[in-house]
Amino acid sequence: MIRARYVEISNIMWPRVQLKVGWGDLAFGLWSSLRKPDRDTVAQRVEARWSPEGEALTCFSVRSGFDLALQALAFPPGSEILFSALNIKGMIRIVEKQALVPVPVDLDIEKMAPRLDLIERAIGPNTKAIVIAHLFGTRLELDAVIDLAHRKGLVVFEDCAQAFDGKAYKGHPESDIAMFSFGPLKTATALGGAILRVRDAALRSRMRAIQDTYPVQPSGAYAKRVLKFMGLKIVLLPPVFGLLFRLCHMMGKDYEDPVSDAVRNVASLGSSRKIRKRMPAAMLAVLERRLIRWREGSLDGFARMGDSLRRKLGDSVVLPASANRIHNYWVFPILTDDPMRLIRALRSAGFDGANLPRSKTVSAPPERPELEPDTAKDALDHLVVLPCYPGMSEAELERQARIVREVARPHRPPQPALAAE
Ligand SMILES: *Cc1c(COP(=O)(O)O)cnc(C)c1O
């Protein structure tokens, strides 16, 4: 019924994400693939720009860098790595591949931050490190978490993949390793690449030594990637994307498949087997260009759109992570009782609401079922991200909010208090 009401009016489709890279950057990427600047020189310049103290290390991706750090740290097999419970699948797989055990710490919904009481409970004799992810474009306040982790002797990984904000934030001063991604869907993307700030000099040089044994991705592969991105950028224009949606609809196909396949194939940085690579010179050159040309405050537009949509939604849905002071809405997440129903209604009306298929909650090890992150799991099951970015008009935001208010009911995940032990 909802479909019947909205289906005729929408010829455009607002995609769930925007590729945050301009035509100029892409053209520069192609040009750099041909020109082939000296790789190590560009890498040094990027690292010095990020950290004048010499603490930065460029990597092929955050996953590559995380994998590299774990190799260099060489924890004994079976050591436990705590995770704030929600992250992308690839990060969790890396830990398992190195014969280490990922252990979840459940989140609160207000900030999507790992709960201190649960960190305390999860730490055991074999716990060596904790990985904390800032989610959705928010920035967590980590003083207490890092303080606790350090008192317990853990290495603190800060996953800032969704939290890039120019020079404004380069990681918490006390975290041991702060990881920023310039992967395909990320803010300031270079179509790949990452910068890690590693405070410990000995660890950093071990990581460098291992990374120097990796092959450099060939510049032809990067050029191909740039061309594919140009294609995807055209596909994601709202009128083109709308046309694609209607074509799939006419042929009785679910457009989710072709579109997510396209994004995955273009955006994929390869399987975990293929992450042990070094950035090609052209990718480094694009990254350098993006850092140089980044204007502080250029995410303010996203934050304003997010705040506006938030006001329009009122209490029709639950807004996870909304209690964080800093939020630039890398994505706009909501929690609702029946995500698929809302997604269908939104898509018929030209809004590509979606869930997060690459994300996952970390499962508790079989012998510690009490650590199962029920809040984060329930949140992920009820999560929808809404298109919300500069370029959409207030009227379109309002039209989207009206659908949400009509179709969705709020869903609040259970947040069990820790039973006294
Ligand atoms: C994207 C992302 C990563 C991985 O970044 P890559 O550079 O693609 O490896 C890790 N963690 C989070 C939270 C992410 O969003």
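Keep in mind that what you see is a predicted model, and the values were worked out from it rather than measured.
The salt bridge (charged side-chain N to carboxylate O under 4.0 Å, His left out) check on Asp165 picks up Arg139, with sequence neighbours excluded. In this view, Arg49 satisfies the side chain to side chain donor-acceptor pair (under 3.5 Å) rule with no residue, not counting sequence neighbours. In this structure Lys312 satisfies the side chain to side chain donor-acceptor pair (under 3.5 Å) test together with Glu394, sequence neighbours excluded. For Arg204, the salt bridge (charged side-chain N to carboxylate O under 4.0 Å, His left out) criterion is met by no residue, not counting sequence neighbours. With sequence neighbours excluded, the residues forming a side chain to side chain donor-acceptor pair (under 3.5 Å) with Ser175 are Glu158, Arg197, listed by chain and number. In this view, Tyr222 satisfies the ring-ring contact (aromatic ring centres under 6.0 Å, His included) rule with no residue, not counting sequence neighbours. Asp381 is linked by a salt bridge (charged side-chain N to carboxylate O under 4.0 Å, His left out) to nothing, counting only residues two or more places apart in sequence or in another chain. Taking the side chain to side chain donor-acceptor pair (under 3.5 Å) definition, one finds that Ser33 meets it with nothing, sequence neighbours left out. Residues forming a ring-ring contact (aromatic ring centres under 6.0 Å, His included) with Trp294 (at least two apart in sequence, or on another chain): Phe164. For Phe180, the ring-ring contact (aromatic ring centres under 6.0 Å, His included) partners at least two apart in sequence or on another chain are Trp50. For His172, there are no ring-ring contact (aromatic ring centres under 6.0 Å, His included) partners, not counting sequence neighbours.
Here the side chains of Phe302 and Lys20 are in contact, with some heavy-atom distance below 4.5 Å. Between Leu26 and Phe28 there is no side-chain heavy-atom pair separated by less than 4.5 Å.
With hydrogens and angles left out, the side-chain atoms of Asp378 and His411 include a donor and acceptor closer than 3.5 Å. One side chain, Gln71 or Asp67, offers a donor N or O that lies under 3.5 Å from an acceptor on the other.
Considering CD1 of Ile132 and CD1 of Ile146, their distance stands at 5.5 Å, rounded to 0.5 Å.
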Check residues 77-88 and write down every donor-acceptor pair under 3.5 Å in which the side-chain atom is one partner and the other belongs to a residue at least two apart or another chain.
from: Ser79; atom 1: OG; to: Pro76; atom 2: O; distance (Å): 2.6
from: Glu80; atom 1: OE1; to: Arg368; atom 2: NH1; distance (Å): 3.1
from: Ser84; atom 1: OG; to: Val131; atom 2: O; distance (Å): 3.4
from: Ser84; atom 1: OG; to: Ala133; atom 2: N; distance (Å): 3.0
from: Asn87; atom 1: ND2; to: Asp159; atom 2: OD2; distance (Å): 3.1

